[in-house]
Amino acid sequence: MKTLIAANWKMNGDLSWAQKPEVFRQVFKVEQESVDILICPPAYLIPSLVAASKSLDISIGAQDCHFATGGAFTGEMSASMMADAGAKYVIVGHSERRALFGESDEVVAKKAAAVNDTGMIPIICVGENRGQREAGQADEIVGAQLIGSLPENTYPATLIIAYEPVWAIGTGLIPTLEDIASMHDHIRGILGTLFGENKASTVPILYGGSVKPSNAKEILALSDVNGALIGGASLDMDSLAAIAKCAP
Ligand code: 13P
């Protein structure tokens with residue numbers, strides 16, 4: 001499986017950032033074929049980024065969508081609108097959406113299903129908070145979130161999971177490599193129970209939370225880590241390229 005390096009720009013950027021894919025390619029050459037690059041900008045930048053990255057072999061994704069196909073949902077955008085704008089992936093269930101906007105597993109599962117319905121791939125985020133990790137509940141919490149956030153009738157070819165411990169996001173802290181490996185193994189095991197081992201082995205599981213050029217190599221070298229979802233360090237193209245260069 002190719003390593004997926006996914007940038008989550010969160011609520012950062014402006015129209016001039018449409019030039020960033022080209023800047024990225026100047027430092028990270030197209031020939032490096034073992035890596036897929038995905039940039040998820042704020043929704044209003046998706047069409048500009050899609051146009052600017054067409055010949056650069058970089059995919060563009062969205063950070064969220066509504067689960068309904070349309071209607072009276074002021075301020076929201078549907079999955080098909082994201083697809084129409086040119087997105088190929090949609091992040092759903094990011095911990096910031098769960099914590100700041102009250103999104104439940106059930107809502108995340110509906111969003112993931114809506115993303116699948118348009119032919120795009122949902123990146124479903126799961127992760128424990130600090131208290132849960134310290135109480136030894138991380139496996140249990142993440143397992144329950146995962147099962148609750150999967151759309152019904154999904155099958156693994158249409159799915160990416162991102163393990164993002166909440167306490168590692170934007171803090172500079174990361175779990176030990178053993179803890180990352182163990183959680184990815186746990187997630188793979190749950191997918192195996194649901195879909196069978198063979199199919200589960202094809203689901204990319206990304207790690208996210210304070211990934212930087214200085215720690216990316218050892219994280220991406222772990223056997224069940226198939227890529228990274230990167231926030232802060234993805235805003236600078238030198239830093240994003242340095243992380244992509246760490247792919248095994
Ligand atoms: P940071 O890389 O800034 O910790 O953010 C991670 C994240 O939330 C990616 O979705």
Side-chain angles (χ1 to χ4, degrees), residues 3-13 17 20 24 35-43 45-46 49 58-65 82 87-103 108 111-112 115 120-130 132-133 138 141-142 145-146 149 159-177 179-180 183-184 187 204-220 222 225-247:
T3 300
L4 176 62
I5 298 297
N8 175 8
W9 281 357
K10 308 191 180 183
M11 200 167 74
N12 296 290
W17 286 36
K20 290 211 173 206
F24 175 82
V35 189
D36 282 328
I37 306 295
L38 167 66
I39 297 178
C40 301
L45 293 179
I46 292 174
L49 266 287
I58 292 175
S59 300
I60 304 302
Q63 297 174 14
D64 186 38
C65 66
M82 298 305 174
K88 300 284 185 234
Y89 302 77
V90 183
I91 299 170
V92 294
H94 191 281
S95 66
E96 287 149 18
R97 302 284 330 163
R98 292 177 186 267
L100 302 173
F101 302 94
E103 290 187 9
V108 176
K111 290 185 174 199
V115 172
M120 296 184 294
I121 299 178
I123 301 176
I124 301 176
C125 300
V126 292
E128 82 286 357
N129 65 30
R130 184 191 299 270
Q132 292 160 340
R133 162 73 51 187
I141 294 288
V142 169
Q145 259 180 24
L146 176 64
S149 303
L159 193 64
I160 294 176
I161 306 298
Y163 168 54
E164 297 206 311
V166 180
W167 54 273
I169 295 176
T171 58
L173 304 170
I174 58 165
T176 64
L177 294 177
D179 284 344
I180 295 175
M183 185 59 83
H184 281 236
I187 291 171
I205 306 177
L206 314 181
Y207 169 79
S210 294
V211 175
K212 298 190 181 351
S214 57
N215 60 24
K217 199 171 183 78
E218 50 189 13
I219 295 172
L220 291 171
L222 296 170
V225 175
N226 309 116
L229 182 56
I230 307 141
S234 77
L235 304 179
D236 174 76
M237 293 303 101
D238 283 329
S239 145
L240 185 62
I243 292 170
K245 281 177 185 158
C246 293

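These numbers were taken from a predicted model, which means no experiment stands behind them. Counting starts at 1 for both ligands and their atoms, following the listed order.
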Next on the checklist: Could you work out, with ring pair (Phe, Tyr, Trp, His ring centres under 6.0 Å) as the rule, every residue matching Trp167, not counting sequence neighbours?
Outcome noted: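 Result, ring pair (Phe, Tyr, Trp, His ring centres under 6.0 Å) vs Trp167: none returned.
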Checklist entry - Counting distance only, does the side-chain N/O of Ser210 pair as donor-acceptor with the main-chain N or O of Ala168 below 3.5 Å? => result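 Looks like yes, one N/O pair under 3.5 Å.
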Please tabulate, one line per pair, the protein N or O atoms found under 3.5 Å from any N or O atom of ligand 1, giving the distance to one decimal.
| unit_1 | atom_1 | unit_2 | atom_2 | d |
| --- | --- | --- | --- | --- |
| ligand 1 | 2 (O) | Gly231 | N | 2.9 |
| ligand 1 | 3 (O) | Gly232 | N | 2.8 |
| ligand 1 | 4 (O) | Gly170 | N | 2.7 |
| ligand 1 | 4 (O) | Ser210 | N | 2.8 |
| ligand 1 | 5 (O) | Lys10 | NZ | 3.3 |
| ligand 1 | 8 (O) | Lys10 | NZ | 2.8 |
| ligand 1 | 8 (O) | His94 | NE2 | 2.8 |
| ligand 1 | 10 (O) | Asn8 | ND2 | 3.0 |
| ligand 1 | 10 (O) | His94 | NE2 | 3.0 |
| ligand 1 | 10 (O) | Glu164 | OE1 | 3.2 |
| ligand 1 | 10 (O) | Glu164 | OE2 | 2.9 |

Checklist entry - Under 6.0 Å from the NZ atom of Lys10, do we count more than 12 heavy atoms belonging to anything else shown? => result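 Check passes, neighbour count above 12.
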Checklist entry - Are Glu164 and His94 close enough that a side-chain donor and a side-chain acceptor fall under 3.5 Å? => result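 Side-chain D/A pair, Glu164 to His94: present.
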Checklist entry - Do Thr171 and Arg130 have side-chain N/O donor and acceptor atoms under 3.5 Å apart? => result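 Short answer, no.
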Next on the checklist: Which residue in the set Asn226, Val225, Leu220 passes side chain to side chain contact (heavy atoms under 4.5 Å, CB included) when paired with Leu222?
Outcome noted: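 Among the candidates, only Val225 passes.
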